[in-house]
Every structure is written in structure tokens, then in C-alpha cells.
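First comes the structure, then the notes that go with it.
All chains are named by letter (A, B, ...) in the order of the sequence lines, taking the proteins before the strands, and each is independently numbered beginning at 1. None of these values were measured; they are calculated from a predicted model.
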Amino acid sequence: MSDQSTNPTSKKPRGFKDTLNLPATTFAMRANLAQNEPQTVARWEAASMYARIDDARREAGAPTFRFHDGPPYANGSIHVGHLLNKVLKDIVVRSRLMEGMRCPYTPGWDCHGLPIEHRVMIELHEKGKAAKLATLPEDSRRIAIRRECAKYAEKFIKLQAVQMQRLLTLADYDEPYLTMDPQYEARTIEVFAELVEQGVVYRDLKPVHWSIENQTALAEAELEYEDREDPQVFVDFEAVDREAVGKAFEVEIETTPSFMIWTTTPWTLPANLAIAVGPRYRYVLARLDGQESVIARELLQAVVEQCGIEEVEVLAECAGSDLLGLEYRHPLLERIGRIVEADYVTLEDGTGLVHTAPGHGQEDYRTGQREGLEVYCPVLGDGTYDETAPDWLQGKSIWDGNELITARLRESGHLVHHELFMHSYPHDWRSKTPVIFRSTEQWFVAVDRPTKRDGQSLRAMAMTATGENVNFIPAWGRKRMQGMIESRPDWCLSRQRAWGLPIPAFRMPDEQVLLTPASIRAVAAAFEARGSDAWFSDRPAELLEGWDPASDPDAPEGVDVTTLEKMQDIFDVWFESGSSWAAVMRARGQGIPADLYLEGSDQHRGWFQLSLLPALGATGEAPYRTLLTHGFMVGKDGRKMSKSSGNALSVDELLKDFGADVCRWWVCSLPFENDIKVDLDFFRVAGESYRKIRNTLRFLLGNLADFDVDRDGVSLDSIEPESIDAWALAEAVRVEQRVRHAFSTYAFRDAHQVIYDFCNETLSAIYLVATKDRLYCDAVGSPRRRRTQTVMHAISSLLCRLLEPVVPHTADEAFRALQGSEDANVHLCEPLDLSARCDHEWSAVMNLRHAVLKALEEAKAEGIDNPLDAGIVIPDPEGTFGRFGDDLADVCGVSRARCVASLGEVAIEDLRNEPRCDRSRKRDGTVRERSDGAMLSDRDAAAIGLDPAN
RNA sequence: GGGCUCAUAGCUCAGCUGGCUAGAGCGCACCCCUGAUAAGGGUGAGGUCGGAGGUUCGAGUCCUCUUGGGCCCA
């Protein structure tokens, strides 16, 4: 047997490596992203890339895609959630640009709000500046705090903007929108004016956490929970109608029973307006030491023990729902209350009947709203009872009220039991004093009031908009958002804080409130000129300079601007971000409605909804056409990410270890609408997959080193349909269409998959392997080689375009290598719109290839390990394959192929005894010893300049 | 507790309006190449679709219940 590694007849094998056209390129195998991307960012910035592209598209008269960025909060460093969100957005922007569209994109930040103010206050405390602040007049104090907050926000906007640019996102970072900019503030205030004009803004009571010590409302973040000793009391509320109760329990009752409640805040009892029960729980009527009371069945035993009741007799039982509507007498004053239902009634403690005071609790408030109860709060800001309380309580502190009320109840026989106990209770974080719930006046947007425009309520309009006019991705977003809109309460717009946009309302000496569309717009003008700090530095008359009461039909009778007092509420920050459609899209001429809002699915209740309501109120139209949501990052185990569980990843670390393009490549691969599992391993996998793409690109570029399209390229139209090049080009055409379609429908994952498969399967495994021989061994200028290079050039150019939205740095780098010019700019490219004529039997050839590969695998058993030691015999009764010529052998990776007319399976020919070309390693049948002593095929001999005849 | 949602090979995911032996990539195993080489190529082994019940001639794909996640409310 012959030695397979050498030719038996060859005298001394010589190397032909120098005579081959091997790949060469500056496009490195190792990407070195962490090091190179920052340079790319700097280069783009220096070239004003965003502006340049926008100008180019504008000049070309391109259609505009209106995309609006939701503002992240200007606090802290960006996290993986931001990475996901910003990269998805950037893929949208870049893929639209790559379609030749215009896509202005203004990044924004949410600047106001409690988290920043809270941080700043802590810092002021730590620096010892807080005490001095407290001595300032209120307006000056607020301005001082606001100044610190603004500095804080600016610092993080700068930080985040750099981080976002490091993610290679393309946006107008020179002119971002900030909700604290005077312009933005003015536009927000104007939206408010439009809502007031529509008659949906009102002022009403609502319970909030209240610090008696500081006489102010507090937000959740300003509370500290500390142990405190409080009384707990069990109180009997006597039923009004004995028979009605009997009917509910289906028994005869002789004495009037009571409803027993439990509370740890006896001081709120004067404000009791209802008792809540759980409709699905079971309640019993029991005789307890002679007194008949209603109590939850599950809690009877516990109550009996706690209250030390000795005689217990259960008389009857019913469902909570049977009790609804029954009435009771208030034990302290002349008032009839009602049994209502509530979902927060639990069987964990108490009696299963919950004392409900809508003026003193969030849940009670909601129940009260639903049941049409008054928001009654007889407690003043200083923690004393007002004149509506019983006279023995008026002027007394509520803490004294606890004892007074308990004593009173004991005297009147309503008190079942009283004891002190320790529990965790909210305290004012600054004064360390206990906090109470107290209802205060707040501003609201009514969702059910008819608007002046056409009488439709905001809720009705929102239901129509989300039901019919807005497109949801994924589709279930519609159901989710509609469910939220259906059940949402009125929007409480006001906050009692310093760091925010003031609600431009004034109080007249007679307590009337001045807030008309015209007065609001006058303040908007003042804010636009001087910023919203003007609210604290200017007098009312100055703020209302542009307002003429005489020409304002809504102006209150006898208003005098010199006697007005500025009210101190600020807007809920959601109202500011919810006005961005006006303050950014409309104000900057980008136009409304936006084509797309893209955020996490938490924004169905947040930004999406709170942008929809103001826009519907102000314009009657939704501010967006399509809402796209992504899911949330969870850990490898599918559980929520948090610093404490240690599964949180740092974006800076990811960028350092993998680079932005790898992170982006990963993002593009995600089914983003569901939860997204994040783990370092997944980035490693993405890195591997990125390298495959990169190597394919590198190989393409390497084989184009001696190629100049203008000089060497052939016309794509002239490519023979039966050539492998026509097939590759046709595949590329399909890929282009599929990827562009995927991008335009936000099916990023599909785009990722199609690109990946194209690079690995179509190119790397098939086309590039099949054409290696001709690229390396054909004479440099052979038409066959030039034809393949022409197609490879077109495919490279296409790949750069398709990859640009996902891995812009890599696409940029590859494109510049392809064009051989540092100035080449892939970002300014438009679609190629390739076309190809390809023999329809190529799919049959690919099936054949598959069969050949299997046969070759089997041939290994006979010792044919190397496919170049094999030839194939193709049964071709229909004459299908003959016209594909030498490409058949190349596509199958064998030395030669021949077709026979007979039927049957593909056969493998053992060519190990035939001479092998020293240069191409093929045994193609033309190999023989040449004049220089080497074994060469005709093609190779000619390629190195030998006369084929010798 | 309520609304929406997810659960398919070791891992990450496809599976449209119910219908051929449930697909892909990664990983893994074995092999080839050593002229894409801190590369490239080939072949192959792995799931009965979270669990239970039901509708249907037929269900991963519809219904009910259930378990475990996520978002938003409470």
C-alpha cells in the first residue's frame, strides 16, 4: 500500500506554500473589545456620529421613525437592567437607520423626586449642615436643598451618560432631556394647564404618613420602624338592628348583639366610619360572659384567651358576606356605621372585624372611596383633636386621646379588653418620633370625570386607546394594561417635598385656591425663564406677571395678586416623566404620537400609563402607537436579582471582561419579553458565539486582501446560476430579507439566529470551505477566483450592515478593513437590496452533499480518513447534477466527482493510489510529474507558471 | 389575596391557528484537517414537553386544578 502522506513517485516533496494566495487581513482574530471599544466611542464622538447620520438622513429626505426614550432615574450607576433596556433601544435606532430611515433619539433622565432628596438630606446631616438649614426661612431652605439635589442629579446624569455611551448606544447625548430643565418644566406645567382646562383636576383629602413633630407629610423612605409600646383594645360596637343581625345568622336573638373590633390606635376611633369584614370568612355569633358579639370563627379561641373571657357559647354562624350592610352605633358619639367588605381583613390577629377610619389609613381610605364614605379626620397637624371631635377630646393630643378614649369605653361598657404591648411602629427618621396617618388635602387627576372636550372620562379614553389604537408587543401587554386602567384610582398628583416641580397653585386670603389654565400658563412662562426655583424665590405677583385676572374668565372673584400665598405642594415625579411626549417629542418637533415606547413591563402601570393619561387629557390622543415591553433580569435560578443574594452583576465588570459588543450580541439573542436569566456563563457563551461570527468575517476579509471590487469585481448579474457563488449569493439575499424583516418587527432573536446560522452554516461550513481551493490555488486573477471574491465582497458588505445594529464596533472595524479606508463609515450605509439568480437545483445539491458526508463518514471504516483521498460517483438518471461541474466536488470536500446515469446511492471512490497534487493536495486525475519534478495538477501547474503541456 | 405572565433535551431557547418518528445552538462523545490554527470541518448520543385530571380520532399546543418563578397591585 502506498504511503498516504506522500506521493510514491515524487522525488523530494517541496513546499508550495509561498505560491498560494493565503488569507491576510488587519482584522485581528482577537477582538480586544475592552481596549478597542473606548477608542471607537471617542472616534464616533469626535466625528459627531449621531449628528452626521441624522443630517445625512435629513438631506436624503428619509422618512422618520419616531422613537421616544423613557427617562431612567438619575441616581446611581447603571445596572444590567439598564444594559438590556438601552441596548434593545439602540438596536431599534440603528436598525431603522440602517433601513435608510431617520431616527432622532433624545435620551432623557428623571431628575426630581424623593430618592435623591433623601440621599441629599442624609449627606447634609452627615456633613453637619442640616442644623443650619433648619434655621433658614422655608423658601430659602428649600432652595438650598434643591441646589444640592440638582448637583447630585447632574453628577449621576454625567456618569450614566458615559456608561450608556460605553454601551455603544447612538443618541443625542449633546442635547438630552432632563425633567429639571426649565424648558421641560414649563412644558410639564402647560400639560397640567390643559388637564385643568379639561376639568379633571381637583383637590381632596387623603391620608398620608404625618410627622407631628415636623408637621409634614412623609414618604415611605423617610420612615424608620422602631419598637414602641401601644395599647391594644377590643371594643364592642352595638348593632342597630337586632333582627337584621338575627336574620344574617338565621337565629332568634333576644338581646342586641355587638360587633367586636380590635385596634392598636384607639385615638382613631372617633374617626371610625365603618367596620370591614372578609366576605369569604366564617363569622360566629357568640355569647361571651353574657354579652353577645360577632367575631370571626377562626379567631374566637384566641380572643377568648387574650381577653380572659370565661363563659363562651357559640349561638350561630354565617359568612362574612351575610354581614355586609348591617349597621352599628358608634360607641363614643352619635353616629351610625356600616359593615363593609375589604380584602385586607386577615385572620392573623384581631377579631376578623376591622375598625375602618378612611381619614387615618391608606387601606381604610380605599375602602372609604369605594363605599362612598367621607375622608373624615378630626386631627390637626399638631396632633390635637379639632372642633369636630367630642368636646372632651377637643384640643387634646392624640396620645392622651388613647387613654381618654379607653377610659370612656370602659365606663360605657364597650371595652372588652385592654392591654399594652410592644410592636414595630413607623417613626419619623429625622425626629425619631412616632408617625401617624392623617388625611390632608392633595391634588388629584380624576379618571372618571367627563372631560370638557367631549365628555369622555380619562378612564374611558384610556380603555379605548389601549383596546384599539395602541399596538402591544408582546400582545398580552394589552390585557395587562387594560386590567390596570380598569381598576386604577384617581391619580394623587401632589407631594409635600422640596425636590420637585411646584404645583402652581395659590391661596387667596379667603382660603379660595387660584389655579386656572391661564394662571398656570403664566407660571409656566416664569419657570421657563427662571427655572422652577422661581417658585421659592419670587413673589406671587412676579410669578403671575403674565397673568391678567380681568381677561381670565376662570379667575376667582376679587382676586388680588399681591395678597396671594404660594402653596407648597410639588408634583408626583410621574407627572413630569408622563409629560415627556409634550416636553420632548412635541416641543422638539419630533412629533407625536411616537411610533414606539420601549421599556420594562413594570411601565405598564408606570410611565406608559402615566404618559397616556396626561396625553389623553391634553390632546385626546395616546402619545404612542406601539408599546414594547421587556422582562426583568433574574438570577440563574430564575429568582429575582439582588445584591444580597449575590447574583447581581456589575456592568462595568461585564464591559471589562467581555466588551460591549459581546454584551449586545447576548442581548440580541434573548427572548426579551419574558424574564431574562443572567449569569456570567451566559456572557461566556455569547463571547464564544461572537468569536465564531468574528472569525467568519475575518476569513472573508482575509481572502479579499488582493481584491479590489472596482478593478477585479465581476458583475453580480453575470454570475452563472449553477455556480456555488450564485448559491451563496442567493442565500445571502434570503438572509438579508429575513434579518431586515426581523429587525423591523422587533424579532431581534430571529435576526440573531439567522445571522449566526448564515455565518456558521452557509458560510463557514459550506461556502468558505468549498471555495478555499480556488481562492488559494487558482491563479490570482482567474475568473473563477475573482467571481468568488466578488460574491464574498458583497456578502462581507452585507454582513457589516446586518451586524451594525447589534455589534456596531465590530461592524465598523470590519467595514473599514473591507473598504481599506479609515474613513469608511458603515453607519451611513443603506440596505444593499441584493438579488441573485440561482439554479433551483442547488437545494438538491445540498441534499446530495449531506448524503456524501454520511457516506464519507462510513468510508472511514475502510481507511479513507481524508475526504481528499476520495472521489464521488453520483447517480444522476435525470441529468440534474452534471451542470454543476467541479463545484460538486468542492461542495462535498472531495477530490473529484462524476455523474453516472444509473440509479442508486452515492458511491465513494478510493483514490489513495492516485497521485496527489503537491500544491493543492487534490487527486483530480490530472496530477503528474512536471518539469521541475513536482507532482502537480494541470490547474496548479499553470498557476505557478509552468507550461501545462510539460 | 388579586391581575398579567413563564415552566420543552445538561444549559439557553424554537415549536403559528391542536395532526408526519418534538427542532436549533451551546456543551458532551468520537473522528478529520493542520495552508482561517489561542482557528476550521464531519458524525453521533441526549427531552414525551413542571405535576394531576379533562376535551378530542389525535395535545407540548385547548380547558380545570396544582407546584414553583417573575412583574404590578393589595
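- Residue A:Arg30 places none of its side-chain N or O atoms closer than 4.0 Å to OP1 or OP2 of B:A39.
- As a whole-Å value, the separation of A:Leu670 CG from B:G25 P is 19 Å.
- B:C49 sits 13 Å from B:G10 when the P atoms are compared, rounded to a whole Å.
- With both pairing distances under 3.5 Å, B:G18 is matched to nothing as a Watson-Crick or G-U wobble pair.
- At B:A24, none of the side-chain N or O atoms of A:Arg749 fall inside 4.0 Å of OP1 or OP2 (strictly under the cut-off).
- One interatomic measurement links the two molecules: CH2 of A:Trp476 to P of B:C6, which rounds to 7 Å at whole-angstrom precision.
- Protein atom OH of A:Tyr690 is 19 Å distant from nucleotide atom C1' of B:G25, rounded to whole Å.
- Using a 4.0 Å heavy-atom criterion, one finds that A:Asp681 contacts no nucleic acid atom at all.
- Ion pair A:Arg366/A:Glu363 not flagged as a salt bridge, since none of the NZ, NE, NH1 or NH2 atoms sits closer than 4.0 Å to an Asp/Glu carboxylate oxygen.
- Regarding the sugar-base torsion, B:G25 falls in the anti class, its angle being beyond 90° of 0.
- Here A:Arg694 pairs with A:Glu813 in a salt bridge; the nearest charged N to carboxylate O distance falls below 4.0 Å.
- The separation between A:Arg684 atom CZ and B:U12 atom P is 15 Å, rounded to whole Å.
- Comparing B:C32 with B:G19, their P atoms sit 43 Å apart, to the nearest whole Å.
- Using C1' as the reference atom, B:G53 and B:U67 are 15 Å apart when rounded to the nearest Å.
- With a cut-off of 3.5 Å on both pairing distances, B:A59 has no Watson-Crick or G-U wobble partner at all.
- Comparing B:C6 with B:C13, their P atoms are spaced 14 Å from each other, to the whole Å.
- Remark: the A:Asp940 side chain and the A:Ser920 side chain contain an N/O donor-acceptor pair separated by less than 3.5 Å.
- Between A:Arg896 and A:Asp924, no side-chain nitrogen of the basic residue sits less than 4.0 Å from a carboxylate oxygen of the acidic one, so the salt-bridge criterion is not met.
- B:A22 and B:C16 have their C1' atoms separated by 16 Å, given to the nearest Å.
- Across every strand in view, B:G25 sits in a pair with B:C11 that passes the Watson-Crick or G-U test at under 3.5 angstrom.
- Going from atom NZ of A:Lys772 over to atom P of B:G42 covers 11 Å, rounded to whole Å.
- Ring orientation note: the planes of A:Phe748 and A:Tyr746 are nearly perpendicular, at an angle over 60° on the 30°/60° scale.
- A gap of 16 Å separates the C1' atoms of B:G60 and B:U56, to the nearest Å.
- Going from the P atom of B:G51 to that of B:G44 covers 30 Å, rounded to whole Å.
- Here B:A36 presents its C1' atom at 11 Å from NZ of A:Lys17, a figure rounded to the nearest Å.
- For A:Trp665 and A:Tyr690, the ring centers sit 6.0 Å or farther from each other.
- Each of A:Thr696 and A:Glu857 was assigned the nucleotide of RNA chain B with the nearest heavy atom; the assignment lying further toward the 5' end belongs to A:Thr696.
- Side-chain atoms of A:Arg480 and base atoms of B:C71 include a donor and an acceptor less than 3.5 Å apart.
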